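Here's the structure, in structure tokens; my notes come after.
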Amino acid sequence: MLSFENISHGLHNWLSAIMSETPVVLIELTLVALAAITLFAALGLILVYMERKVAAVIQIRKGPNRVGPMGIFQTAADTLKLVMKENFMPDSVDKFLYKLAPFVVMITAMLILAPMPFAQGFQIWNINIGVFYVTAISSISVIGVLMAGWASNNKYSLLGAMRSGAQIVSYELSAGFAILSIVALTGSLNLNDIILSQQDGWWIFKGHIPVWIAFVIFMIAVTAETNRAPFDMAEAESELTGGFHTEYGGMRFALFFLAEYINIFIVCGIGATLFFGGWMPFHIGHWEGFNHVMDYIPSSIWFFGKTFFLIFVIMWFRWTFPRLRIDQLLNLEWKYLLPISLFNLLLITVIAIKGWHF
Amino acid sequence: MGNDELLEKLKELFPDASIEQGNDWPELLFEHAQVADGKFLEVVQTLKSTNEFLFNYLFCETCVDWKTHFNMVYHLESTQYRHSMVLKVKLNHEQPSIDSLSFVYRTAEMHEREIFDLFGIVFTGHPNLKRIILTEDWVGHPLRKDYDDPINMIKL
Amino acid sequence: MIEEITTAKEGEMVINIGPQHPSTHGVLHLLITLDGETIKKLEPNLGYIHRSIEKMCESLSYRQFIYSTSRMDYLSAHINNHACAMAVEKAMEIEVPERAEYIRVILDELTRIASHQLWWGAMAMDLGALSPFFYAFREREVITDIMEETCGARLTMNYMVPGGVMTDIHPNFVKHVKDFIVQFKSKIDEYDTLVTDNIIFQNRMKNVGLLSAEDAISYGTSGPTARGSGVSCDIRKTHPYSLYSKLQFEEVIETGCDSFSRYLVRVKEMKQSVKIIEQLIDNIPEGDFVAKTKAVIKLPKGEFYSRAETARGELGVYIVSEGGTTPYRIKFRSPGFSNLSALNHMVKGYKIGDLVAIMGTLDLVIPDIDR
Amino acid sequence: MDVKITQPSLPFPGSIQDTPGGGIVLSKLDDVINWARSNSVWPLTFATSCCGIEMMSAASAKYDFSRFGFEVARATPRQADVIIIAGTIVNKMAPVLKRLYDQMPDPKYVIAMGACAISGGPFFYNTYSVVKGADHIIPVDVYIAGCPPRPEALLHALITLQEKIRSGLTRDQIRAQFSEDGK
């Protein structure tokens, strides 16, 4: 059967057969980089288009439909235009940091793609501390945001960046605890092991109510971490005009814009992996026949299906809820989510030790 | 209180002012000399705090340029009795100035800044008297009748 | 605003909101002093849309000057026109035909609903919820269509003239208004589910932007802003004009004094307006739609003041006449100007996010403030 | 729009010579860029008065300018492509408008919406503070008549602007061309 696993293995075997090990690694690294950048661009285009269409449906209107069939080239036109825009730099900015910031944000987003299992056996880097790697790297992006806010020499940007810093640092905690609860259940930090442990059912179904609580907390926390409404403090268009990227335009702004969507994709991918089994098809216990039928659907479709469903949920949040205020946002984290997730982790540990899950 | 009754009461209280029944409400007119030296604030405080009147709501404050003099016009209403009156003060044209009401009615602060801006009337005791609508470097006070701006104004 | 605005102290930051800023709904400029995110001081700077309407009106005839008022508070265009027409009618002692009064009041109330709907959408947008805006405009467009059919314009109508209205209503007017009422009644609950009952929204609004009743009076606020603080100030009730003394409706007063009360007042006012329209729409009497007036209106010498309740509060039209064909001086007492003066008092000690919410509940229309 | 590129009379050695095929590639690329620019016109959220409400109407579900990709209204001029002057510009606002325009990165476009932005409109006579037409301050690409114009008129203006972008050179390119020709 043609699958991502077979393609990558075939490619590797073919390359190994015709040359020695070092060039193989080099060529493969180049291919991976190209693939990651392509995926980055494609995902950006698709997600922005999806966002606009979801918004249109929720807001009882049509959305982009003139540029190409159903408007599918709308975002391509937007990106191309942003690339071709004047690459200006305001006078009073800190030039080095101003230029660096969008790249920090974008590179961070791309780095997290590494341990993501897109399909069965298809992963850039099968690292045994995958979960840890993801949480560690994802917190670097806040540095990029802070950098952008500081370098812009604009009070709105600075306020936005500071808000974003406070917000991401706090919500990392409950996101971390929600992730830890699954780690506690599986006993592994390797994303592949976590997926394999869901062979007889996804954790969201196996883990009783505590896992549901962890999932809800995870969704809230990642929405906040990706600076999405109702937690879009850093941008807060009606308050801070553009937040940390007020002074950015053209391609640099496009990088922020794309990185935001890639981050959404990544956190939803992680969510799908941890709670919905990643590429693991829908299995119910030992119903061999049913499970076998489910296996016929390719694993990549399972992964992307689940991820896009979660992305849809996050978009749904954005177009429905009003924004929180900054102090309410921090109260929610420190007074509610953090104690709940701590207690929840305790419960889950008990469940894991006693083996009470299905 | 009805308008007639209000008129009588005001006449009793301010015998030296000219009081007449306007189109809608009783109108109380002071010459500037009558209310100079902080007396104006006393008059307004009386109107605001006397139990019969309780004019606690300044719903309109404006100025009219009569070429020879300015008329400050205050429209007062009592939110309790629902009666209203008009208070007018004549100011001279050369150096128009009057006590600020911004500590009696806080809405007066913005209104007085606007009147200062457009008519050039100086409100003594105003906490922050500067132009609010036009730019700081604007010359003249456009709502005065003698204002002319040949560059910006195209006369029909 | 009592304190002097001084330069920023150590640890404070002065930030300019506006003139081009999404939350000011126009070109208002606010200078705010911040300590972290907390607002210490706020000073409005007006005039970015000061079009010198009062000066211009001094050279316009009494028929012409009404048009400039529809561009003042463009969301209550009909009510502005109504107030001006009333001032002229009062001075000329023109008896307005009953049919014209009915049409005027119906249109006034439709305008009020349309204005409140736009406010509702825009305020939700200020708070970061973008979708309610589109739901509000769904119903608002129906009203605009009704207006267009009868008055010929969607926004700046100039439909009311001294003595009545400019033309008779469109034959479909009654039917379309009734259709609208049916549609609106079925949708108004949607507004509550989408915004009013939302927990985030309530947390943002409750106990924010407190304005006590005494302060509301002292700052000269009117309309929903004052009524949210428990002050009865609806001109339609306290000084009834036109048909309002004969109509059955309630003056909506909330005593919460916070943003949420001001919000509730406006939402409930929409329902009251529907009630008023329902009482009138079936009984529009036959007859003239405009009283016979001379082609050139000359007001007698004197001063004339008329008050009307716009969607934002009390509009006063103060005309000083020298007996000519043009007014000697016109002053528009705009509701937004006084409401804005209370803003500094209301936002002190709150966050930037609250400033946006409080400004949303004041429902400022900047051309109305600057004139 | 046909803009003729005049050949310099004496080509100096080393100037770029037209090669077969090369010009086509370049012009095709220009077409693609123009296509992208014309289809992605992001307006600045800027409204001074009444016309702003009709702009909001154009965004609403009934008129829905998002169909053309205009719905990404940016609050900061750094990210906007077109500034729709919706409403009167007064003397105090004029420097602000100029500054907003200057802050926008090229290529940028301007639409003057409504009578006030075109000429001062109803506030032309006897006013001391109104700028008689926004084109006294910044160059305008498309004018829309009306007071205020209907949302359809705004849509038409945006489509006209798209056609203008698609048809060829930007204002700066045209200006550069003219200065080359010595005009």
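Order of the sequence lines fixes the chain letters, A, B, ..., with proteins taken first and strands second; residue numbering starts at 1 for each chain. Predicted model, so just to flag it, every value in this text is computed and none were measured.
Per-residue counts of heavy-atom pairs under 4.5 Å with chain C were compared for D:D64, D:N91, D:L100; the largest is that of D:L100. Counting heavy-atom pairs closer than 4.5 Å to chain C, the top-ranked of the candidates D:P122, D:A61, D:P151 is D:P122. Options D:T45, D:V130, D:I53 differ in how many heavy-atom pairs under 4.5 Å they form with chain C, and the most are formed by D:I53. Residue with the most contacts toward chain C among D:T76, D:I89, D:V96, D:L97: D:V96 (heavy-atom pairs, distance under 4.5 Å). Ranked by heavy-atom pairs under 4.5 Å with chain D, the list C:M56, C:E141, C:H21, C:R51 is led by C:R51.
A ring-centre distance under 6.0 Å is found for C:W120 and C:Y191. For C:H82 and C:Y159, the gap between ring centers reaches or exceeds 6.0 Å.
Interface remark: C:R71 contributes backbone and side-chain atoms alike to the contact with chain D (heavy atom separation under 4.5 Å). Residue contact with chain C, scored on non-hydrogen atoms closer than 4.5 Å, involves the side chain of D:L44 exclusively. Of the two parts of C:L60, neither the backbone nor the side chain holds a non-hydrogen atom closer than 4.5 Å to a non-hydrogen atom of chain D. For D:Y125, the part sitting under 4.5 Å from any heavy atom of chain C is the backbone (N, CA, C, O) and nothing else. Interface residue C:Y67: only side-chain heavy atoms are found under 4.5 Å from chain D. For chain C, the nearby part of D:A47 is the backbone; its heavy atoms alone come within less than 4.5 Å. For C:E58, no part lies under 4.5 angstrom from a heavy atom of chain D.
Aromatic ring pairs are classed by plane angle as parallel below 30°, tilted from 30° to 60° and perpendicular above 60°; the pair D:F70 and D:F65 is perpendicular.
Note that C:R266 lies in the cation-pi zone of C:W119, set by a 6.0 Å cut-off to the ring centre and a 45° limit from the axis. Relative to the six-membered ring of C:Y318, C:K331 misses at least one condition, a distance below 6.0 Å or an angle of at most 45° to the axis. Annotation: cation-pi pair D:K108/D:Y101 present, NZ/CZ under 6.0 Å from the ring centroid and within 45° of its normal.
Taking both residues in full, the closest heavy atoms of D:T48 and C:I49 are given as CB-CD1, 3.8 Å, listed atom of the first, atom of the second, then distance.
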### Task
Please step through ring pair (Phe, Tyr, Trp, His ring centres under 6.0 Å) for the pair D:F123 and C:H50, ending with a clear verdict.
CA-CA 11 Å; D:F123 307 100; C:H50 175 65; over 10 Å; no
